[in-house]
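Notes follow once the structure below has been shown.
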Amino acid sequence: MPDLAPSRYQVLLARIRVPLMWAAGAALLAGYAGLSWWAGWSLFAVALAVYLRLGTVRCAPRVLRPPVRGRWMALTSPVDAVPSQGSHAYGQTHALGLVAEDGTRPDIGWRPLSRPPEDFPAFGAPVYAPADGTVVAVRDRSRDHRSRNSWPWLLGSVLENTLRELRGPSGLLGNHVVIDIGGAYVLLGHLRRGSATVRPGDRVEAGRPVARCGNSGACTEPQLRMQLMDRPGPLTAAGLPFLWEAGWDGGSADGLPETWRPFDVPTGQGASGTGYPEADQVRGT
(Lines give C-alpha, C1' and ligand atoms only; values in the text may rest on other atoms or scores of the structure.)
Protein backbone atom coordinates (compact mmCIF):
# COMPACT_ATOMS: atom_id res chain seq x y z
CA MET A 1 0.00 0.00 0.00
CA PRO A 2 1.48 3.41 -0.95
CA ASP A 3 2.52 5.80 1.81
CA LEU A 4 0.06 8.56 2.61
CA ALA A 5 2.71 11.29 2.28
CA PRO A 6 6.00 11.83 0.41
CA SER A 7 9.18 10.62 2.06
CA ARG A 8 11.66 13.08 3.57
CA TYR A 9 14.10 12.26 0.77
CA GLN A 10 11.53 13.13 -1.91
CA VAL A 11 10.60 16.37 -0.16
CA LEU A 12 14.25 17.35 0.30
CA LEU A 13 15.00 16.91 -3.40
CA ALA A 14 11.92 18.96 -4.28
CA ARG A 15 13.09 21.83 -2.07
CA ILE A 16 16.61 21.97 -3.52
CA ARG A 17 15.82 21.01 -7.14
CA VAL A 18 15.58 24.46 -8.75
CA PRO A 19 18.11 26.22 -6.45
CA LEU A 20 20.59 23.42 -7.21
CA MET A 21 20.19 24.04 -10.93
CA TRP A 22 20.80 27.74 -10.36
CA ALA A 23 23.95 26.92 -8.39
CA ALA A 24 25.17 24.62 -11.17
CA GLY A 25 24.64 27.35 -13.75
CA ALA A 26 26.55 29.80 -11.60
CA ALA A 27 29.38 27.27 -11.18
CA LEU A 28 29.68 26.84 -14.95
CA LEU A 29 29.83 30.60 -15.43
CA ALA A 30 32.44 30.79 -12.67
CA GLY A 31 34.64 28.55 -14.81
CA TYR A 32 35.53 31.67 -16.78
CA ALA A 33 36.74 33.21 -13.53
CA GLY A 34 39.02 30.31 -12.64
CA LEU A 35 36.75 27.77 -10.94
CA SER A 36 37.49 24.21 -11.99
CA TRP A 37 35.48 23.21 -15.05
CA TRP A 38 35.41 19.66 -13.70
CA ALA A 39 33.68 20.85 -10.53
CA GLY A 40 31.19 22.93 -12.49
CA TRP A 41 30.21 20.16 -14.89
CA SER A 42 30.01 17.59 -12.07
CA LEU A 43 27.61 19.81 -10.14
CA PHE A 44 25.60 20.39 -13.31
CA ALA A 45 25.28 16.64 -13.92
CA VAL A 46 23.96 16.08 -10.38
CA ALA A 47 21.58 19.04 -10.67
CA LEU A 48 20.26 17.79 -14.02
CA ALA A 49 19.59 14.33 -12.61
CA VAL A 50 17.65 15.81 -9.68
CA TYR A 51 15.81 18.19 -12.01
CA LEU A 52 14.72 15.55 -14.50
CA ARG A 53 14.67 12.14 -12.82
CA LEU A 54 15.49 11.74 -9.13
CA GLY A 55 12.93 12.12 -6.36
CA THR A 56 9.70 10.88 -7.92
CA VAL A 57 6.97 11.15 -5.30
CA ARG A 58 5.12 7.85 -4.91
CA CYS A 59 2.39 8.08 -2.30
CA ALA A 60 -1.34 7.48 -2.10
CA PRO A 61 -3.13 9.70 -4.66
CA ARG A 62 -5.74 12.28 -3.73
CA VAL A 63 -9.09 11.86 -5.46
CA LEU A 64 -10.29 15.08 -7.10
CA ARG A 65 -12.86 16.11 -9.66
CA PRO A 66 -12.05 17.01 -13.27
CA PRO A 67 -11.57 20.75 -13.91
CA VAL A 68 -13.19 20.60 -17.38
CA ARG A 69 -16.45 19.51 -18.97
CA GLY A 70 -17.14 18.09 -22.42
CA ARG A 71 -14.73 16.44 -24.85
CA TRP A 72 -11.01 16.86 -24.06
CA MET A 73 -7.70 15.08 -24.57
CA ALA A 74 -4.51 14.78 -22.52
CA LEU A 75 -1.33 15.96 -24.23
CA THR A 76 0.65 14.86 -21.18
CA SER A 77 -0.46 12.48 -18.43
CA PRO A 78 1.13 10.61 -15.51
CA VAL A 79 -0.74 7.53 -16.71
CA ASP A 80 1.87 7.17 -19.47
CA ALA A 81 5.01 8.76 -18.03
CA VAL A 82 6.31 10.14 -14.72
CA PRO A 83 7.45 12.86 -14.64
CA SER A 84 4.67 13.60 -17.09
CA GLN A 85 6.17 16.89 -18.29
CA GLY A 86 9.70 15.48 -18.55
CA SER A 87 10.82 17.24 -15.37
CA HIS A 88 10.11 17.16 -11.64
CA ALA A 89 10.69 20.92 -11.29
CA TYR A 90 7.95 23.30 -10.16
CA GLY A 91 5.77 20.56 -8.68
CA GLN A 92 4.86 19.14 -12.08
CA THR A 93 5.83 15.49 -11.56
CA HIS A 94 2.25 14.25 -11.96
CA ALA A 95 0.81 17.16 -13.97
CA LEU A 96 -1.90 16.84 -16.61
CA GLY A 97 -1.92 18.91 -19.81
CA LEU A 98 -5.42 19.05 -21.34
CA VAL A 99 -6.73 20.38 -24.67
CA ALA A 100 -10.33 20.54 -25.90
CA GLU A 101 -10.96 18.13 -28.76
CA ASP A 102 -14.31 18.81 -30.42
CA GLY A 103 -13.22 18.11 -33.99
CA THR A 104 -12.23 21.71 -34.79
CA ARG A 105 -8.80 21.73 -33.12
CA PRO A 106 -6.09 22.58 -35.73
CA ASP A 107 -3.48 19.90 -36.33
CA ILE A 108 0.24 20.53 -36.20
CA GLY A 109 1.85 21.30 -39.55
CA TRP A 110 4.37 23.46 -41.36
CA ARG A 111 2.01 26.35 -42.03
CA PRO A 112 0.75 28.60 -40.69
CA LEU A 113 3.64 29.10 -38.31
CA SER A 114 1.26 30.20 -35.56
CA ARG A 115 -2.41 30.86 -35.01
CA PRO A 116 -4.39 33.18 -32.75
CA PRO A 117 -5.60 31.42 -29.60
CA GLU A 118 -9.20 31.94 -30.65
CA ASP A 119 -8.71 29.29 -33.36
CA PHE A 120 -8.62 26.55 -30.70
CA PRO A 121 -11.69 25.15 -28.96
CA ALA A 122 -10.04 25.13 -25.52
CA PHE A 123 -9.55 28.90 -25.50
CA GLY A 124 -12.12 30.48 -23.20
CA ALA A 125 -13.52 27.15 -21.95
CA PRO A 126 -14.62 27.27 -18.28
CA VAL A 127 -12.23 25.86 -15.68
CA TYR A 128 -13.73 24.43 -12.49
CA ALA A 129 -12.39 23.92 -8.96
CA PRO A 130 -11.46 20.22 -8.57
CA ALA A 131 -12.20 20.18 -4.82
CA ASP A 132 -13.50 22.26 -1.94
CA GLY A 133 -10.85 24.61 -0.64
CA THR A 134 -9.49 28.11 -0.19
CA VAL A 135 -7.80 30.12 -2.94
CA VAL A 136 -4.27 31.05 -1.86
CA ALA A 137 -2.77 32.51 -5.05
CA VAL A 138 -4.01 34.04 -8.31
CA ARG A 139 -1.96 35.31 -11.25
CA ASP A 140 -4.05 36.85 -13.98
CA ARG A 141 -1.92 39.38 -15.91
CA SER A 142 0.14 37.41 -18.46
CA ARG A 143 -0.91 37.78 -22.08
CA ASP A 144 -2.32 34.96 -24.18
CA HIS A 145 0.22 34.44 -26.97
CA ARG A 146 -0.23 32.92 -30.40
CA SER A 147 0.05 29.16 -30.81
CA ARG A 148 3.33 27.29 -31.28
CA ASN A 149 1.78 24.27 -33.01
CA SER A 150 3.88 24.23 -36.17
CA TRP A 151 7.05 22.20 -36.66
CA PRO A 152 9.36 25.25 -36.92
CA TRP A 153 7.87 26.82 -33.80
CA LEU A 154 8.09 23.58 -31.84
CA LEU A 155 11.84 23.53 -32.42
CA GLY A 156 12.14 27.18 -31.46
CA SER A 157 10.01 26.73 -28.35
CA VAL A 158 12.85 24.85 -26.64
CA LEU A 159 14.85 28.09 -26.50
CA GLU A 160 11.75 30.16 -25.79
CA ASN A 161 10.79 28.05 -22.79
CA THR A 162 14.34 28.24 -21.43
CA LEU A 163 14.07 32.03 -21.52
CA ARG A 164 10.61 31.88 -19.95
CA GLU A 165 12.00 29.89 -17.06
CA LEU A 166 14.27 32.79 -16.18
CA ARG A 167 11.10 34.55 -15.01
CA GLY A 168 10.42 31.78 -12.53
CA PRO A 169 7.35 29.52 -12.27
CA SER A 170 4.97 32.12 -13.70
CA GLY A 171 7.01 32.27 -16.88
CA LEU A 172 6.25 28.59 -17.46
CA LEU A 173 2.81 28.22 -15.88
CA GLY A 174 1.38 31.51 -17.09
CA ASN A 175 -1.77 32.73 -15.40
CA HIS A 176 -2.76 30.34 -12.65
CA VAL A 177 -4.91 29.73 -9.60
CA VAL A 178 -3.73 27.77 -6.54
CA ILE A 179 -6.30 26.25 -4.17
CA ASP A 180 -5.56 24.87 -0.70
CA ILE A 181 -7.61 21.66 -0.45
CA GLY A 182 -6.31 20.61 2.96
CA GLY A 183 -2.94 18.90 3.06
CA ALA A 184 -2.21 19.67 -0.59
CA TYR A 185 -2.55 22.43 -3.19
CA VAL A 186 -4.12 22.25 -6.64
CA LEU A 187 -2.63 24.47 -9.36
CA LEU A 188 -4.61 25.25 -12.52
CA GLY A 189 -2.35 26.89 -15.10
CA HIS A 190 -2.17 28.46 -18.59
CA LEU A 191 -5.36 30.41 -17.85
CA ARG A 192 -6.79 33.21 -19.95
CA ARG A 193 -5.72 36.70 -18.96
CA GLY A 194 -8.35 38.50 -16.93
CA SER A 195 -10.61 35.45 -16.61
CA ALA A 196 -10.08 34.57 -12.94
CA THR A 197 -13.31 34.86 -10.97
CA VAL A 198 -11.67 34.25 -7.58
CA ARG A 199 -9.17 36.04 -5.37
CA PRO A 200 -6.86 34.87 -2.55
CA GLY A 201 -8.92 34.09 0.52
CA ASP A 202 -12.03 33.07 -1.41
CA ARG A 203 -13.65 29.83 -0.33
CA VAL A 204 -14.63 27.63 -3.28
CA GLU A 205 -16.64 24.45 -3.66
CA ALA A 206 -15.83 21.64 -6.07
CA GLY A 207 -17.32 22.42 -9.45
CA ARG A 208 -17.30 26.19 -9.07
CA PRO A 209 -15.95 28.05 -12.13
CA VAL A 210 -12.70 29.79 -11.18
CA ALA A 211 -11.33 30.97 -14.55
CA ARG A 212 -11.17 30.17 -18.27
CA CYS A 213 -8.66 28.19 -20.29
CA GLY A 214 -6.03 30.32 -21.99
CA ASN A 215 -2.69 30.26 -23.76
CA SER A 216 -0.37 31.94 -21.26
CA GLY A 217 3.04 30.67 -20.22
CA ALA A 218 5.01 27.85 -21.85
CA CYS A 219 2.38 26.07 -23.93
CA THR A 220 2.10 25.33 -27.63
CA GLU A 221 -1.65 25.97 -27.83
CA PRO A 222 -4.56 26.85 -25.50
CA GLN A 223 -4.64 24.20 -22.81
CA LEU A 224 -5.14 23.63 -19.11
CA ARG A 225 -2.43 22.51 -16.70
CA MET A 226 -3.55 20.69 -13.56
CA GLN A 227 -1.09 19.62 -10.89
CA LEU A 228 -1.13 18.77 -7.19
CA MET A 229 1.63 20.02 -4.88
CA ASP A 230 2.64 19.75 -1.23
CA ARG A 231 3.02 23.51 -0.83
CA PRO A 232 1.45 26.56 -2.53
CA GLY A 233 4.61 27.83 -4.22
CA PRO A 234 5.64 25.69 -7.22
CA LEU A 235 9.28 26.83 -7.06
CA THR A 236 10.16 24.32 -4.30
CA ALA A 237 7.03 22.16 -4.27
CA ALA A 238 6.91 18.38 -4.59
CA GLY A 239 4.47 17.16 -7.22
CA LEU A 240 1.88 14.78 -5.76
CA PRO A 241 -0.18 12.05 -7.49
CA PHE A 242 -3.93 12.40 -7.91
CA LEU A 243 -6.88 10.72 -9.60
CA TRP A 244 -10.24 11.94 -10.87
CA GLU A 245 -13.24 10.56 -9.04
CA ALA A 246 -15.37 7.81 -10.52
CA GLY A 247 -17.73 9.10 -13.18
CA TRP A 248 -15.23 11.44 -14.85
CA ASP A 249 -15.52 9.43 -18.07
CA GLY A 250 -18.90 7.90 -17.40
CA GLY A 251 -17.28 4.89 -15.74
CA SER A 252 -17.34 3.56 -12.20
CA ALA A 253 -13.65 3.80 -11.25
CA ASP A 254 -11.29 6.58 -10.21
CA GLY A 255 -8.65 7.32 -12.83
CA LEU A 256 -7.01 9.74 -15.25
CA PRO A 257 -7.00 10.04 -19.04
CA GLU A 258 -4.26 8.53 -21.16
CA THR A 259 -2.38 10.74 -23.61
CA TRP A 260 -3.82 11.25 -27.10
CA ARG A 261 -7.10 9.50 -26.23
CA PRO A 262 -10.10 11.89 -26.32
CA PHE A 263 -12.53 11.51 -23.44
CA ASP A 264 -15.87 13.01 -22.49
CA VAL A 265 -16.49 14.45 -19.02
CA PRO A 266 -20.23 14.25 -18.44
CA THR A 267 -22.00 17.43 -17.45
CA GLY A 268 -24.70 15.58 -15.56
CA GLN A 269 -24.51 13.94 -12.18
CA GLY A 270 -21.07 13.24 -10.66
CA ALA A 271 -20.18 10.22 -8.59
CA SER A 272 -20.10 12.30 -5.40
CA GLY A 273 -23.78 13.13 -5.82
CA THR A 274 -23.29 16.73 -6.88
CA GLY A 275 -23.95 17.82 -10.41
CA TYR A 276 -21.33 18.90 -12.90
CA PRO A 277 -22.62 22.25 -14.26
CA GLU A 278 -23.11 22.66 -17.98
CA ALA A 279 -20.41 24.73 -19.68
CA ASP A 280 -22.97 27.08 -21.20
CA GLN A 281 -24.38 27.83 -17.75
CA VAL A 282 -21.14 29.57 -16.79
CA ARG A 283 -21.15 33.31 -17.25
CA GLY A 284 -18.61 34.56 -19.80
CA THR A 285 -15.77 36.82 -18.80
| Asp264: salt bridge (charged side-chain N to carboxylate O under 4.0 Å, His left out) partners, not counting sequence neighbours | Arg71
| request: With sequence neighbours left out, write down each residue that passes salt bridge (charged side-chain N to carboxylate O under 4.0 Å, His left out) with Arg164, or none if nothing qualifies. | output: Glu160
| task | For Trp260, check ring pair (Phe, Tyr, Trp, His ring centres under 6.0 Å) against everything at least two apart and list the hits. | result | none
| With Tyr9 via ring pair (Phe, Tyr, Trp, His ring centres under 6.0 Å) - residues at least two apart | none
| message | Please check this pair: side chain of Ser195 against backbone of Arg192, looking for a donor-acceptor N/O pair closer than 3.5 Å. | response | yes
| query | Hey, is the main chain of Asn215 close enough, under 3.5 Å, to the side chain of Asp144 for a donor-acceptor pair? | reply | yes
What distance do [X] atom [atom1] and [Y] atom [atom2] have between them, rounded to the nearest 0.5 Å?
X      : Y      : atom1 : atom2 : result
Ile108 : Trp153 : CD1   : CH2   : 13.0 Å
Asp249 : Arg261 : CG    : CZ    : 12.5 Å
Asp80  : Thr259 : CG    : OG1   : 3.5 Å
Cys213 : Leu188 : SG    : CG    : 10.5 Å
Gln223 : Leu75  : CD    : CG    : 5.5 Å

| Is Arg69 close enough and on-axis enough to Tyr128, meaning under 6.0 Å and within 45°, for cation-pi? | yes
Anything under 3.5 Å between a donor and an acceptor, one on a side chain of residues 13-33, the other on a protein residue two or more places apart or in another chain? List them.
residue : atom : partner : partner atom : Å
Arg15   : NH1  : Asp230  : OD1          : 3.4
Arg15   : NH1  : Asp230  : OD2          : 3.2
Arg15   : NH1  : Thr236  : O            : 2.8
Arg15   : NH2  : Asp230  : OD2          : 2.7
Arg17   : NE   : Val50   : O            : 2.6
Arg17   : NH2  : Leu54   : O            : 2.8

| query | Going by atom types only, do Arg203 and Thr134 share a side-chain donor-acceptor pair under 3.5 Å? | reply | yes
| If you look at every heavy atom in Arg212 and Gly124, which pair is closest and at what distance? | NH1-O, 2.5 Å
| field | Selection residues 38-75 - residue pairs positive for ring pair (Phe, Tyr, Trp, His ring centres under 6.0 Å), sequence neighbours left out | value | Trp41-Phe44
